[in-house]
Amino acid sequence: MAPDSAPDPEAEARRVALITGGGTGIGLAVAKALRKQGCSIAISGRREDVLRAAARDIGAGTLAVVGDVASPADTKRMVQETIDKLGDLHVLVNNAAIWRTGPIESLDDDSIDQLIDIDVKGPFYLVRHALPQLRRHRSTATAAILNVGSSVTSRPLVHYALYSAAKAALDMMTRCLALELAEDRIRVNAVLPGIVETPIFGTMMPTEKIEGYLERFEELIPLGRAGRPEDVGRVAAWLCDPANDWLTGALVPIDGGLGLGSGR
């Protein structure tokens, strides 16, 4: 189909979504929720074995695209492979991220560069490469970008300067792009998860300490429990639904009320 031709109504009915970091945790939950919504799904990540297993879990026809969002060349290939193999692209979910915390003097140059490359520059690269295809859906308003941020941007936290700054950048990127792309009827929103049980905790601490860590936070969460990836997936899919075509620039906290404080 020529780039300037009108969208195919049948193709619009089976929207295509690309989810970065879609092999585990929140990314996998978002992919499953969008699949239930009727989307064809592409997931990307750096670990091929994890992606292949996730693709089987999501369902037949799911595309697994191995790549690193920190690489401009990889992000371009992810987008193009999705379009080539699934025929289109309507929804981009920027979920891939890493978590680095600690005293400022403990963060070495490599850690700082890696976090900014993945958490900030990666979404920029992907949006830049996806825009030509997303703009093709202006007449049907079916294009959406969803960024996965964090509730840490709601207040300053000790030892979170780097991670919080990166996620704050993503918040402002979301709002600026919502304004910039409104004329193309591309909606840009973000979810801001709080403490959610995902495999990322296994990269931060020994496995035997995770349960106790989460339990300490549960005492602070007004709704009384840590989140599950599905809690975020449902809201993310709702924000991407074309039925919500008058919603853009939203930063939606999904944290069990943690950001509100205890009120006690």
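Throughout, residue positions are numbered sequentially from 1 according to the sequence presented.
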Problem set entry | NZ/NE/NH1/NH2 to OD/OE distance under 4.0 Å, R14 and D88 | no

For this session: Take T24 and R47 through the test side chain to side chain contact (heavy atoms under 4.5 Å, CB included) and record every step on the way to the result.
Result: CA-CA 10 Å; T24 61; R47 296 174 293 171; 4.0 Å; yes

Problem set entry | Single-linkage hydrophobic cluster V152~I112, side-chain heavy atoms < 4.5 angstrom | yes

Problem set entry | L162 side chain reached by I116 side chain, heavy atoms, under 4.5 Å | yes

Exercise. Can D231 and R225 be said to form a side chain to side chain contact (heavy atoms under 4.5 Å, CB included), step by step?
Worked result: CA-CA 12 Å; D231 296 323; R225 66 169 175 85; 2.9 Å; yes

Exercise. Do any N or O atoms from the side chain of H137 and from the backbone of L89 form a donor-acceptor pair under 3.5 angstrom?
Worked result: yes

Exercise. Does any N or O in the side chain of T153 come within less than 3.5 Å of the main-chain N or O of K167, such that one atom is a donor and the other an acceptor?
Worked result: no

Exercise. Is there a path of hydrophobic side-chain contacts, each under 4.5 Å between heavy atoms of I, L, V, M, F, W or Y residues, that connects Y160 with M172?
Worked result: no

Exercise. Once you round to the nearest 0.5 Å, how far does CG of L34 lie from CD1 of I43?
Worked result: 12.0 Å

Exercise. Considering all heavy atoms of both residues, which atom of R52 and which atom of A64 are nearest to each other, and what is their separation?
Worked result: NH1-CB, 3.6 Å

Problem set entry | Q37 side chain to A237 backbone, donor-acceptor under 3.5 Å | yes

Problem set entry | Passing option when N94 is tested against L146, V148, L18, V127 for side chain to side chain contact (heavy atoms under 4.5 Å, CB included) | V127

Seminar exercise, completed: Heavy-atom closest pair (A97 atom, I118 atom, distance to 0.1 Å) is CA-CG2, 3.8 Å

Exercise. Could you give the distance from CD1 (I41) to CZ (R15), rounded to the nearest 0.5 Å?
Worked result: 9.0 Å

Exercise. What is the minimum heavy-atom distance between G23 and V50, and which atoms define it?
Worked result: O-CG1, 3.8 Å

For this session: Might you confirm whether atom CZ of R128 has over 12 heavy atoms from other residues, nucleotides or ligands at distances under 6.0 Å?
Result: yes

Problem set entry | Heavy-atom neighbours of D108 CG exceed 12 at 6.0 Å | yes

For this session: Considering non-hydrogen atoms only, spot the tightest contact between G22 and A54 and give its length.
Result: O-CB, 4.1 Å

Exercise. Is there side-chain contact between V188 and E180, with at least one heavy-atom pair below 4.5 Å?
Worked result: no

Problem set entry | Same apolar cluster: L192 and L220, side chain cutoff 4.5 Å | no

Problem set entry | Donor-acceptor pair, side chain of D68 and main chain of A70, under 3.5 angstrom | yes

Problem set entry | Joint cluster assignment, L251 & I145, ILVMFWY side-chain distance < 4.5 Å | no

Exercise. Within the distance-only criterion (no hydrogens, no angle test), does the side chain of R187 pair as donor or acceptor with the backbone N or O of L247 below 3.5 angstrom?
Worked result: yes

For this session: Answer whether the closest heavy-atom distance between the side chains of L131 and I186 falls below 4.5 Å.
Result: yes

For this session: To the nearest 0.5 angstrom, please state how far the CZ atom of R100 sits from the OG atom of S106.
Result: 11.5 Å

Exercise. Can you check side chain to side chain contact (heavy atoms under 4.5 Å, CB included) on N244 and L239, steps first, answer last?
Worked result: CA-CA 7 Å; N244 300 311; L239 287 169; over 6 Å; no

Exercise. Under 3.5 Å, is there a donor-acceptor pair between the side chain of D119 and the main chain of I98?
Worked result: yes

Exercise. Roughly how far apart are H159 NE2 and I104 CD1, rounded to 0.5 Å?
Worked result: 10.0 Å

Seminar exercise, completed: A141 and P242 have their tightest heavy-atom pair at O-CB, 4.2 Å

Seminar exercise, completed: Distance col, row D110:CG vs L115:CG, nearest 0.5 angstrom, shows 12.5 Å

For this session: Begin with the C-alpha distance, continue with both residues' side-chain angles, and end with the deciding distance and a verdict on side chain to side chain contact (heavy atoms under 4.5 Å, CB included) for D57 and T62.
Result: CA-CA 9 Å; D57 189 20; T62 299; over 6 Å; no

Seminar exercise, completed: Here the pair of heavy atoms bringing A130 nearest to L92 is CB-CD2, 4.1 Å

Exercise. Do V93 and V252 sit in the same hydrophobic cluster, where Ile, Leu, Val, Met, Phe, Trp and Tyr count as joined when their side-chain heavy atoms come under 4.5 Å apart?
Worked result: yes

Exercise. Counting only N and O atoms by type, is there a donor-acceptor contact under 3.5 Å from the side chain of N95 to the main-chain atoms of G21?
Worked result: yes

Exercise. Would you call D74 and R77 a salt bridge, using N to O less than 4.0 angstrom?
Worked result: yes

For this session: For the residue pair V79 and L126, establish whether any side-chain heavy-atom pair is separated by less than 4.5 Å.
Result: yes

Exercise. So, does T174 use its side chain to make a donor-acceptor pair with the main chain of N189 at under 3.5 Å?
Worked result: no

Exercise. Take atom CZ in R46; do more than 12 heavy atoms of anything else shown fall under 6.0 Å from it?
Worked result: no

Problem set entry | Reported CG-to-CG distance for the pair L134 and L181, which is rounded to 0.5 angstrom | 8.5 Å

